[in-house]
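To keep things clear, I will list the structure first and then write my remarks on it.
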Protein chains: 2
Amino acid sequence: MNILEKIAQSKSAFSKSEKKVAEVILANPQTAIHSSIATLAKMSDVSEPTVNRFCRRLDTKGYPDFKLHLAQSLANGTPYVNRHVDEGDGPQEYTNKIFESTMASLEVARQSVDINVVNRVVDLLTQAQKISFFGLGASASVAHDALNKFFRFNVPVVYFEDILMQRMSCMNSSDGDVVVLFSHTGRTKSLVEIAQIARHNDATVVGITSAGSPLANECSYVLSLEVPEDTDMYMPMASRIAQLTLVDVLATGFTLRRGNKFRENLKRVKDTLRNSRYEKRD
Amino acid sequence: MNILEKIAQSKSAFSKSEKKVAEVILANPQTAIHSSIATLAKMSDVSEPTVNRFCRRLDTKGYPDFKLHLAQSLANGTPYVNRHVDEGDGPQEYTNKIFESTMASLEVARQSVDINVVNRVVDLLTQAQKISFFGLGASASVAHDALNKFFRFNVPVVYFEDILMQRMSCMNSSDGDVVVLFSHTGRTKSLVEIAQIARHNDATVVGITSAGSPLANECSYVLSLEVPEDTDMYMPMASRIAQLTLVDVLATGFTLRRGNKFRENLKRVKDTLRNSRYEKRD
DNA sequence: ACATTAAATGTAGTAAAATTACAACTTTCA
DNA sequence: TGAAAGTTGTAATTTTACTACATTTAATGT
């Protein structure tokens with residue numbers, strides 16, 4: 001587990017002086033890994049053995065071992081999980097926190113993806129007669145994005161923002177059609193209804209939503225993404241990004257399945273856009 | 001750069017004994033990071049100063065510093081550097097690669113963001129009479145998402161997919177209006193025109209695009225995101241996610257600027273959605 | 001082939017860093 | 001208030017890393 005996270009969490013288990021050490025390390029971890037125990041002790045205004053005890057409390061063998069763990073936590077661009085934005089943060093702080101927590105969420109999401117389902121869904125998509133992408137609210141833009149991606153593949157793909165259009169579209173669906181539904185919570189009533197309608201019309205329904213939700217129960221296949229809740233801002237943030245990344249994964253799987261020739265075709269699609277762009281001169 | 005790669009590459013620059021050290025480290029790097037210079041010397045059958053010289057040749061300050069670098073390289077099982085999807089990849093591989101390269105891109109993007117501009121743009125947004133979000137193609141869904149976010153803030157916010165609507169909207173803009181334009185390349189002609197129209201009508205134009213592009217030149221403020229090119233798939237992937245994360249940053253800055261009371265208001269907006277959802281029972 | 005020089009490696013001593021043992025000081029609760 | 005548990009610091013010890021220098025090995029020219 002990420003040791004910075006661990007420090008933040010076990011704060012209550014620390015003694016007064018140990019907390020001082022924790023503060024200093026959390027404030028500038030990059031400095032910490034390049035300091036000796038003596039300098040860190042001085043920075044935290046405690047004695048050297050206190051720093052040592054601090055390290056052991058975190059289940060490391062001692063200071064050098066702790067530094068190693070710290071270095072690893074800082075290495076992989078997935079620094080602090082759960083770095084929530086708070087009131088007093090300036091632009092520098094909140095910007096970093098948002099980026100970092102987004103990355104952390106992606107890491108969690110990555111580990112929660114069921115590869116077998118991914119593979120199965122890619123299968124379905126490559127064989128689909130028609131693909132529909134629907135989502136409401138924040139997930140609408142995810143569906144929108146999926147449309148954009150799959151549109152390039154020259155397959156029949158459908159996306160509606162309007163809930164009634166979505167319903168009508170699903171009513172007209174049939175065997176061989178795939179309906180992909182996006183919803184973080186999986187509790188949006190209208191979307192659950194759409195899933196039901198689509199299934200009654202023999203379409204295959206894929207839900208990109210949270211496991212065990214009402215929507216998940218109505219789907220033929222569920223790609224569940226475990227994403228730390230964005231409780232702070234009352235806005236969906238990380239969940240959306242995880243969904244989009246999953247769309248990238250599906251799109252990538254799709255192109256790989258279609259093979260090399262198909263990818264050349266994609267390049268042509270991109271080239272077509274050239275006329276609508278200003279040339280890049282190097 | 002990953003130090004293990006570096007060791008492998010600089011093999012020719014090493015002396016005979018140094019090569020022995022390199023071998024041992026490459027063979028079992030996990031052991032190496034937990035060994036002292038003495039044990040590593042014994043394992044490699046060389047003297048301690050040789051190990052030390054080996055470390056310096058790799059541009060580290062000494063053995064402890066080298067261990068730090070090594071630990072970072074080992075963190076997270078070869079982190080995400082240049083992990084491009086290729087032909088033979090199975091679902092497991094391409095899923096991981098996509099997630100990892102997305103995270104890597106976010107890290108790069110984070111470092112390239114100009115905090116001062118972020119702060120300035122948040123300023124503008126909080127004071128705007130009307131906010132418009134426009135983007136075309138892949139960036140359309142980003143604009144769509146921005147709409148969704150800022151709509152919750154109860155500020156006049158506008159988004160159109162249709163290029164003509166976008167133009168008309170910009171023609172009607174006036175002093176105090178802020179137009180935010182999304183484009184990865186910044187070379188889409190119609191979007192550059194929109195920037196010009198908006199500026200002629202005294203609106204403030206914010207570009208979320210690449211620095212130095214034609215679009216950037218037409219904007220009052222440019223939030224440039226440096227994102228590694230997604231050359232592989234001929235599809236915008238990481239750039240999009242970086243833009244979305246930046247939208248999150250702006251939205252967060254916005255709410256922070258508006259203060260605590262405002263955030264309670266956000267909570268109410270969220271609660272309003274409750275009726276359209278199935279209850280969650282724990 | 002041998003001498004001369006440069007490079008590489010190791011030995012031994014030194015400095016620095018981390019850890020331990022223990023003493024002094026706080027806090028807690030009867 | 002005073003004993004016990006917990007916390008923190010001082011000083012000594014041990015471990016670790018580094019430096020200076022001596023020795024060996026390799027390279028080059030005569």
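The figures that follow rest on heavy atoms only: side chains count, while hydrogens, waters and symmetry mates do not. By convention in this document, chain letters (A, B, ...) are assigned in the order of the sequence lines, proteins followed by strands, and residues within each chain are numbered from 1.
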Test item: side-chain donor near acceptor, B/N148 and A/R240, under 3.5 Å
no

How about NZ on A/K42, more than 12 heavy atoms from neighbouring residues, nucleotides or ligands closer than 6.0 Å, or not?
no

Nearest whole angstrom, please: distance from the P of D/dT16 to the CD of B/E48.
10 Å

Contact residues, residues 31-47 of chain A to DNA chain D [heavy atom, < 4.0 Å]
A/V46, A/S47

Between B/R110 and B/E107, does any side-chain N to carboxylate O distance fall below 4.0 Å?
yes

Over 60° means perpendicular and under 30° means parallel, so classify the ring planes of A/F54 and A/F14, tilted if in between.
tilted

Shortest non-hydrogen contact between A/S183 and A/Q243, atoms and distance
C-NE2, 3.7 Å

Is the distance from OP1 or OP2 of C/dT9 to the nearest side-chain N or O of B/S17 less than 4.0 Å?
yes

Heavy atoms only: give me the nearest B/Y94-B/D89 pair and the separation to one decimal.
CD2-O, 3.8 Å

Does B/E18 pair with B/R53 as a salt bridge, N-O distance under 4.0 Å?
no

Spell out, as yes or no, whether a donor-acceptor pair under 3.5 Å connects the side chain of A/E48 to the backbone of A/A38.
no

Atom pair distance, as rounded to whole Å: NZ in B/K19 and C1' in C/dT9
15 Å

I need the residues from residues 51-67 of chain B with at least one non-hydrogen atom less than 4.0 Å from DNA chain D; give them sorted by number, or say none.
B/N52, B/R56, B/G62, B/Y63, B/P64

Any B/T50 side-chain nitrogen or oxygen under 4.0 Å from OP1 or OP2 of C/dA8:
no

Could you state the atom-to-atom distance from CD of A/E18 to P of D/dG9 in whole Å?
11 Å

Whole angstroms only, please: what is the NZ-P distance between B/K16 and C/dT9?
7 Å

